[in-house]
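Some notes on the structure that comes next.
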Amino acid sequence: DRGEFSSLRIPRMALVVAFSVAVGVHGAWRGPRPGPQPDELLAPGPLVMEAENSNRQVWKRETQDGQGVAVYSDRRYEVSIGSKTWLTSAPVLLHTDSQWFVDPLHVPVENATRATFLKFKRFSEKEGTDQILGRYEEIGLEYEVPGKSRVPMTLAVQFYPEKELFLFKQRLPKGLKKTNTTAWDMQATLGADNVQHKAFLDATNPRSFVSGVQEGNSDVEKDVFTMNWPSVGQFLATGQALIHFPSFLEADTFPDHTRHLTWNGRFATARWGAGLGGAGGQEGGPLVLFAGEPTSAGSLPTMVLAPFDNFKSNILGYNCTVEDFIGSPEYTAQVCAGPHAHLEALPKQFESTFSLSFSSSGPTDAMHTWGKTLRGYYKKETTEGDVLTNKLSYWTDNGAYYSWYSYDNLMEKGRPADVLMNLAEEFQENKIPVHYYQLDAYWFKFERENANCKLNWEEQSHLFPDGLKSLGEKMNSTWLYYDGPTCAKFEVENLIAENKEDKASSIEMVTSNPYNLTWAQGQLATVHPNHAKSYFRALMKQIKEKGAAGYEIDFMDFGYLLFKHYNAEIETAHNYLAAMNDAAVEHSLPIQYCMPLPSDLLASVQHSAVTNARASQDYQIGEDNWNIAATALLHEAVGLRSSKDNFQTNVKNGAINAALNALVATWCSAHLTLAQPYATGPNTNYKLNPNPDACPTLHHFKPNKSTTNRTPTRSPKSKTPNSS
């Protein structure tokens, strides 16, 4: 108990279960748009301790169901469920001043040098109250990084009994310098001549893989999932954390048949596997561990480990090996949590947090519980009146009957303005209430070979001669404006002109290194982090004036992982998403995320305009586009609705899995409530349900009316796998 703990003599290198790095609790840096700060802490207990090599338990807290975290005097920590220890700690590691530091109690002396040892100062104990999470108890492990600066670091574990939640904290009051473990060299890692990754660059040869998986993972994990083109992040994302806390290994009593569920890569695809594995680094998301079979009492023990703040920089790492210290697998973490190792520095008053929560009812309930806590902490509210997720729409994405951007001749199936007008008239005649139309990459001038990147932010006049605002008024409809990669030659002048109210003389863009994939190559650009606010304000203002119903941001993995500016500094990626959200809120525009990484979905709890995200690959890419149930579980947990890509229902016209796609589309609200669907006949013999607006089904219809240059054949397969 606490009194016993206060008088205990503990080794001077003891270790705590707290997932976060910061400098104290008050005023700690938690990234832009932070969650609520805790109330004033009670004074810490008298816990200055000298070294001893015992392994006595010094702190343990449990939920009512016996799920808990224990900390020992030798600075080990463990996670247990009932009488079994599931996870045990791996060494505490820290990278700063271009070198690794380690707790010497965790690594044999022959595997490290005295100059690289962290200096353990003491254990500390605190109690306090967070205004949202409630009362908590904390044990802290206080270190000092040797050298002239003598940088202090506290690692802490907090337990919130009212929420049955553990938080692991890292605190660095003075910050850190020279923290990145590798130089940023995209040219060397993303070229088609890169022998190591050449197999992944063949988009015509679908390959089963788990993004970021290291050699030695189970065959189960490698073989279950197939993706038809590689994730760009496979080449650029790091799986190394610059601080390892918490970091875990399977304990000797780790239950047999334990499984993991996680989300990884573009579209944050759900992935399953055996044992403690599946962490995805910068491409990864929460990690769920659950028993492979129920207990004798019928429960299904489950835990969820996930970032709780700094969502674009906190990772669950998989590449946890540090050659300077680790000489055998028993010292190498299977999962190491911390800020990603592309970061070049951490700011003063830095704090980082990871959460650990439990359930006795399996992974679905565990994700619901974790998500409810996360949404409550950041006050994420659902928008029941959001037009994107509550109204019927028509899409022109990859695989649609009209996916104009994929045609060599953009007029191949008729001028888009004429076709869309005819569609609107036919829908009105058949009493089909299509409320908005999605405009894909063709609406602006683009470079096809360069991932359909945009060259400007204006409609193409030969496709929309009267402009999109006028066309929308004639159709009595609105638009969902697509935004994808930005070309290096992007014409930013019109956005500058729109942005006079911000008194910005320019909007600076930054470029990526040239890249070369089998289906796309070139050089891309994005807005400079310092100009993101002006950029998005101008962009949203312009489309709002042209009748926008919402904004779709695509290729989110490209927009993050290809740019050093958004990886080297901890606040830039957070500020980018915040600037997008704030501009959308200002103009009352909901946002859809497309090709998001799991970190984007987690960050959405801080952004009220983000209402939904794509949960599937493109309809054109494969036949399993309907299979989104497990992926949608993460969407639901963070308060987003899951969008399945557009699909065709006319089997004679080449539709794939029409019935399955229709069923899934009508279950699009996180697959919980079946809305009343409608169906189409061979051409346009529509049958309407009593409430066709009940679900945002994303059907495509082939009109009866003839349109200029229209051909009766189905659209050819896309030559470039756009993803919106």
Side-chain angles (χ1 to χ4, degrees), residues 267 386-407 410 413-414 416-417 419-424 426-427 432-444 452 463-464 468 471-472 475 477-484 543 547-555 590-595 611-621 625-626 628 641-650 653-658 661-662 664-666 668 677-678 680 684 686 692-693 695-703 714-715 717-718 721-724:
F267 298 116
D386 169 34
V387 64
L388 298 188
T389 58
N390 287 278
K391 299 296 182 181
L392 192 65
S393 59
Y394 185 90
W395 286 57
T396 57
D397 186 15
N398 190 19
Y401 188 81
Y402 298 109
S403 56
W404 280 285
Y405 72 88
S406 65
Y407 309 149
L410 293 181
K413 290 196 172 183
V419 173
L420 292 169
M421 188 71 240
N422 288 333
L423 279 167
E426 183 164 326
F427 290 144
I432 297 178
V434 174
H435 288 264
Y436 67 93
Y437 292 73
Q438 184 259 7
L439 301 169
D440 218 276
Y442 58 87
W443 77 268
F444 44 63
N452 299 309
L463 303 182
F464 305 99
L468 285 166
L471 179 60
M475 294 169 57
S477 187
T478 54
W479 309 109
L480 174 59
Y481 280 91
Y482 170 94
D483 189 6
I543 61 173
Y551 171 75
E552 176 192 7
I553 178 66
D554 196 7
F555 282 82
I591 296 174
Q592 181 190 93
Y593 281 175
C594 191
M595 279 173 64
T611 63
N612 69 110
R614 269 280 297 279
S616 73
Q617 296 184 50
D618 288 7
Y619 178 63
Q620 187 69 60
I621 298 300
N625 174 264
W626 56 271
I628 67 171
R641 290 196 180 181
S642 303
S643 172
K644 199 208 76 63
D645 193 25
N646 55 213
F647 66 98
Q648 297 191 45
T649 57
N650 190 333
N653 211 36
I656 303 170
N657 288 329
N661 277 284
V664 171
T666 57
C668 49
Y678 62 86
T680 64
T684 53
Y686 309 116
D693 292 346
C695 174
T697 43
L698 307 179
H699 288 284
H700 283 251
F701 302 96
K702 174 182 174 183
R714 182 171 180 254
S715 62
K717 288 190 175 182
S718 171
N722 181 38
S723 62
S724 64

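The analysis underlying the following values was restricted to heavy atoms, covering all of them including side chains, and did not include hydrogens, waters or symmetry mates.
A pairwise comparison of heavy atoms in Leu388 and Gln592 identifies CD1-N, 4.3 Å as the closest pair. Of all heavy-atom pairs spanning Gly472 and Trp479, the tightest one is N-CZ2, 3.6 Å. When all heavy atoms of Ala424 and Tyr437 are compared, the pair lying nearest together is CA-OH, 3.2 Å. Nearest heavy-atom pair across Val387 and Ala549 is CG1-O, 3.7 Å. Among all heavy-atom pairs drawn from Cys594 and Phe267, the shortest one is SG-CE2, 4.0 Å. Here the closest heavy-atom approach between residue Gly550 and residue Leu480 is recorded as C-CD1, 3.3 Å.
Rounding to the nearest 0.5 Å places CD1 of Ile543 at 11.0 Å from OG1 of Thr478. Atom-to-atom distance recorded for Phe444:CZ and Asn452:CG is 8.0 Å, nearest 0.5 angstrom. Taken to the nearest 0.5 Å, the CD atom of Gln617 stands 10.0 Å off from the CE atom of Met595. We find the OH-CD1 distance between Tyr551 and Ile591 to be 7.5 Å, quoted to the nearest 0.5 Å.
In this structure, Asn612 contributes its side chain and Ser643 its backbone to no donor-acceptor pair below 3.5 Å. A donor-acceptor pair under 3.5 Å is absent between the side-chain atoms of Lys413 and the main chain of Val419, judged by distance alone. Using modelled atom types, no side-chain atom of Ser616 and backbone atom of Ile628 make a donor-acceptor pair closer than 3.5 Å. Side chain of Trp443 to backbone of Tyr482: a donor-acceptor contact under 3.5 angstrom is found. With Trp404 contributing its side chain and Leu439 its backbone, the two residues share no donor-acceptor pair below 3.5 Å. Judged purely by atom type and a 3.5 angstrom limit, Ser393 has no side-chain atom pairing as donor or acceptor with the backbone of His435.
Asn657 has its side chain out of reach of Asn625: every pair of non-hydrogen atoms, C-beta onward, lies at least 4.5 Å apart. At a threshold of 4.5 Å between non-hydrogen side-chain atoms, the residues Tyr481 and Asp483 do not count as touching. Counting heavy atoms from C-beta on, the side chains of Leu471 and Met421 come closer than 4.5 Å. Between Val434 and Glu426, every side-chain heavy-atom pair lies at or beyond the 4.5 Å cut-off. Contact check for Tyr619 versus Asn398: no side-chain heavy atoms found under the 4.5 Å cut-off.
Between the side chains of Tyr442 and Thr396, at least one donor N or O sits under 3.5 Å from an acceptor N or O.
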Practice prompt. Check step by step if side-chain contact (heavy atoms from CB on, under 4.5 Å) holds for Arg641 and Thr611.
Written response: CA-CA 6 Å; Arg641 290 196 180 181; Thr611 63; over 6 Å; no

